[in-house]
J.: 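One structure follows; several queries about it will come next.
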Number of protein chains: 2
Amino acid sequence: MPDPMYRQIAEDLRQKIESGDLGHGDQLPTELELREQYDASRNTVRDAMKWLITRGLIETRPGQGTFVVGKIDPYVTILTGDPAKGGDEEGPVYVKGLRELGQGGQRMPTSSAPRVEIQKAGGAGAEELQVGSGTTVVSRHQQRYIDDTPWSLQTSFYPIALAAQGAGKLLEVDNINQGAVEYLRQEIGLKQAGYRDTITVRAPNTGEAAFFKLPDDGRVAVFEVRRTAFDDHGKPFRLTVSVYPTDRNQFAVDVGEVPPQPVTPEPKPSG
Amino acid sequence: MPDPMYRQIAEDLRQKIESGDLGHGDQLPTELELREQYDASRNTVRDAMKWLITRGLIETRPGQGTFVVGKIDPYVTILTGDPAKGGDEEGPVYVKGLRELGQGGQRMPTSSAPRVEIQKAGGAGAEELQVGSGTTVVSRHQQRYIDDTPWSLQTSFYPIALAAQGAGKLLEVDNINQGAVEYLRQEIGLKQAGYRDTITVRAPNTGEAAFFKLPDDGRVAVFEVRRTAFDDHGKPFRLTVSVYPTDRNQFAVDVGEVPPQPVTPEPKPSG
DNA sequence: GGGTATTTGTCCGTATGTATT
DNA sequence: AAATACATACGGACAAATACC
């Protein structure tokens with residue numbers, strides 16, 4: 001038995017897109033035109049559209065039409081940095097296409113002023129800090145941009161004890177210019193000996209979808225990177241949770257000796 | 001203006017799920033029952049279902065009903081290993097829940113015999129090897145399992161010159177027991193000085209969806225990890241492309257000194 | 001194994017609302 | 001204001017998968 005009709009229509013359009021017959025940004029025929037081309041009802045054509053939308057191949061714009069999605073030059077974040085520094089907190093970001101900048105395509109992210117909150121460490125967020133439930137932590141939440149486009153949402157958690165020990169800037173609603181890790185080293189001699197990142201993918205919540213301007217049908221997932229930082233006694237003192245849309249970000253991990261070239265050419269989905 | 005009706009229905013059901021009113025694996029009312037509860041048409045109820053399905057909250061089973069998705073203990077792959085070894089090719093994998101094994105929750109993946117092909121390095125896959133277009137490469141493709149469940153699809157590319165220089169096993173349809181990286185070191189003195197991983201997320205192709213038994217509506221994306229390995233002259237000699245479903249996998253990256261504990265343990269009574 | 005009821009999947013038609021040009 | 005195009009919502013019909021007797 002053949003596939004359902006909406007799948008056949010979707011596969012036919014997919015083939016047209018991947019063969020280059022329909023290029024990035026091109027407009028598809030309207031739903032009514034497709035209804036005639038494939039001799040199906042408009043609802044069936046729309047089912048095919050939804051199948052293609054889920055796969056990120058097309059997008060619809062009410063009042064305008066349906067379009068092949070444009071290609072995005074992904075941002076590349078290198079997760080392996082100097083353990084004595086923050087890591088991705090102030091690190092550079094590379095752009096794969098490197099069209100706009102002559103060489104290297106390096107960018108610096110900018111951050112909003114942090115929203116600082118004092119919270120109880122419930123089961124909700126900060127198990128990695130290994131403080132008991134009910135202990136007080138400081139959370140510092142920031143919105144991060146590259147070239148004025150939303151790039152990531154980031155929240156760092158610190159035990160309140162650090163502020164009491166002299167790191168008062170943790171409680172201030174200002175960016176810490178030299179970076180929080182360097183500040184903690186200077187101020188109270190806390191050395192970051194290493195960190196562990198865990199990388200997961202999930203659907204965005206409503207706030208994230210709004211900030212990143214993601215379509216509200218939830219088809220674009222987000223990376224969640226949780227960085228637990230340890231001092232030289234192996235004790236965790238910082239948890240940073242960063243969220244990035246998966247459609248315009250990728251990560252790089254360097255182990256051992258790796259030549260300096262910033263990134264490798266793009267991967268391609270195989271048929 | 002209020003949200004569309006299908007969104008209101010979806011949000012109401014989402015709240016019931018996230019509040020625990022409906023637990024993992026529980027069955028939802030049938031579409032006809034929901035149609036009466038919300039005084040909507042069956043198609044509108046189904047639109048609400050689709051919204052929840054896209055977000056991974058529920059799943060439908062034809063002939064049975066609609067269910068809250070069960071919780072999955074994710075596999076954790078550590079990307080930062082010994083640069084002189086393969087990395088994740090033979091490395092252990094950790095399971096977060098660690099319920100089934102007493103301690104640590106460590107698992108070893110098993111691999112199918114490789115499918116070995118000789119290919120021209122076209123634009124398709126292996127730009128990272130920095131061989132000219134038209135150069136011949138060996139590809140070794142494997143299916144990898146953990147506890148007999150499909151875990152990843154992996155393809156490694158090597159310049160054909162390595163086989164000519166004495167590493168003949170690269171052309172054989174057998175697993176290389178000691179690992180390809182160790183084999184290349186022993187046989188032709190090729191030392192892996194380091195590697196770079198790039199991590200992206202994309203929709204699965206049909207073969208991947210079939211192997212991983214992913215729903216064919218494409219809502220579950222896959223990780224694509226591309227590992228380029230370099231010798232001690234900084235020359236790439238291996239590209240390994242691994243694909244993992246995002247719904248049951250996560251990655252860890254260790255930088256600097258990180259305490260040994262494999263993953264963040266769930267708070268458990270010591271007994 | 002067969003038959004039947006239940007439940008979701010596909011497909012159709014139509015009407016009306018909303019966003020854009 | 002009008003035309004166009006997609007979004008939402010309704011209704012109905014039949015098919016396919018599953019469970020149960």
Side-chain angles (χ1 to χ4, degrees), chain A residues 1-13 22 25-70 209-210 213-219, chain B residues 1-14 22 25-70 209-210 213-220:
Chain A
M1 287 293 285
D3 279 346
M5 188 185 303
Y6 80 95
R7 278 291 298 269
Q8 295 182 37
I9 297 173
E11 292 288 357
D12 188 65
L13 289 170
L22 287 165
D26 283 4
Q27 182 166 8
L28 273 69
T30 68
E31 292 177 349
L32 293 182
E33 287 168 339
L34 291 171
R35 171 180 150 275
E36 294 184 0
Q37 281 185 30
Y38 291 103
D39 195 30
S41 80
R42 185 176 159 235
N43 280 329
T44 302
V45 168
R46 280 177 62 76
D47 284 343
M49 300 294 200
K50 285 174 192 163
W51 193 88
L52 293 166
I53 288 172
T54 305
R55 283 159 182 73
L57 292 173
I58 65 172
E59 65 184 345
T60 55
R61 302 177 203 154
Q64 285 186 265
T66 307
F67 300 83
V68 181
V69 296
K213 297 183 176 55
L214 299 179
D216 69 346
D217 56 9
R219 68 177 185 269
Chain B
M1 288 290 284
D3 277 348
M5 188 185 302
Y6 80 95
R7 277 292 297 270
Q8 295 182 38
I9 298 173
E11 293 287 357
D12 188 65
L13 290 170
R14 187 173 72 90
L22 287 164
D26 284 4
Q27 181 165 10
L28 274 69
T30 68
E31 292 176 351
L32 294 182
E33 288 168 338
L34 291 172
R35 170 179 149 275
E36 294 184 0
Q37 282 185 30
Y38 292 104
D39 194 30
S41 78
R42 184 178 161 230
N43 279 327
T44 301
V45 169
R46 282 176 61 75
D47 282 344
M49 300 294 200
K50 285 173 191 163
W51 194 87
L52 294 166
I53 288 173
T54 305
R55 282 157 184 74
L57 293 173
I58 66 173
E59 64 184 344
T60 54
R61 301 177 203 154
Q64 282 187 267
T66 307
F67 300 83
V68 181
V69 296
K213 297 182 177 52
L214 300 179
D216 71 345
D217 57 8
R219 68 175 184 272
V220 178

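Throughout, protein chains are lettered first and strands after them, A, B, ... in sequence-line order, and every chain is numbered starting at 1.
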J.: In whole angstroms, how far is the P atom of C:dT10 from the OH atom of A:Tyr38?
T.: 18 Å
J.: Only distances under 3.5 Å count here; give the side-chain donor-acceptor pairs of residues 61-70 of chain B to other protein atoms, sequence neighbours excluded, each with its distance to 0.1 Å.
T.:
{"residue": "B:Arg61", "atom": "NH2", "partner": "B:Glu59", "partner atom": "OE2", "Å": "3.2"}

J.: Roughly how far, to the nearest 0.5 Å, is CD1 of B:Ile58 from CG of B:Leu13?
T.: 7.5 Å
J.: Please tell me which of A:Asp39 and A:Pro62 maps to the more 5' nucleotide of DNA chain C, matching each residue to the nucleotide holding its nearest heavy atom.
T.: A:Asp39
J.: Of the non-hydrogen atoms in A:Ala40 and A:Arg35, which two are nearest, and what is the gap between them?
T.: O-CG, 2.8 Å
J.: Begin from the C-alpha positions of A:Thr60 and A:Ile53 and carry the test side-chain contact (heavy atoms from CB on, under 4.5 Å) through to its verdict.
T.: CA-CA 8 Å; A:Thr60 55; A:Ile53 288 172; 3.9 Å; yes
J.: For the pair made of CD in A:Gln27 and P in C:dT21, what is the distance, rounded to whole Å?
T.: 11 Å
J.: I need the CG-P distance between B:Leu32 and C:dG9, as an integer number of Å.
T.: 12 Å
J.: If I take atom CD in residue A:Glu31 and atom C1' in nucleotide C:dT18, what distance separates them, rounded to the nearest angstrom?
T.: 14 Å
J.: For A:Thr66 and D:dC6, is the shortest distance between a side-chain N/O and OP1 or OP2 below 4.0 Å?
T.: yes
J.: Whole Å only: how far is the CE atom of A:Met5 from the P atom of D:dC14?
T.: 16 Å
J.: What parts of residues 40-49 of chain B reach DNA chain D, counting only heavy atoms under 4.0 Å away?
T.: B:Ala40, B:Ser41, B:Arg42, B:Asn43, B:Thr44
J.: Between C1' on D:dA17 and CD on B:Glu59, what's the gap in Å once rounded to a whole number?
T.: 15 Å
J.: Establish, with yes or no, whether the OP1 or OP2 oxygen of C:dG9 is under 4.0 angstrom from a side-chain nitrogen or oxygen of B:Thr60.
T.: yes
J.: Where the side chain of B:Tyr6 is concerned, which of D:dA9, D:dA17, C:dC12 is the nearest nucleotide?
T.: D:dA9
J.: Grab the two heavy atoms, one from A:Leu52 and one from A:Ala10, that are nearest each other, plus how far apart they are.
T.: CD2-O, 3.7 Å
J.: Counting only Watson-Crick or G-U wobble pairs whose two distances fall under 3.5 Å, which nucleotide matches D:dA1?
T.: none
J.: Please round to the nearest 0.5 Å and tell me the distance separating atom CD of A:Glu31 and atom CG of A:Asn43.
T.: 9.0 Å
J.: Which heavy-atom pair separates B:Leu22 from B:Gln27 by the least distance, and what is that distance?
T.: CD2-O, 4.4 Å
J.: Should B:Gln64 be listed as having a side-chain N or O under 4.0 Å from OP1 or OP2 of C:dT6?
T.: no
J.: Could you state the CD-P distance from A:Gln8 to C:dC11, rounded to the nearest angstrom?
T.: 8 Å
J.: Would you kindly give the CD-to-P distance between B:Glu33 and C:dT8, to the nearest whole Å?
T.: 9 Å
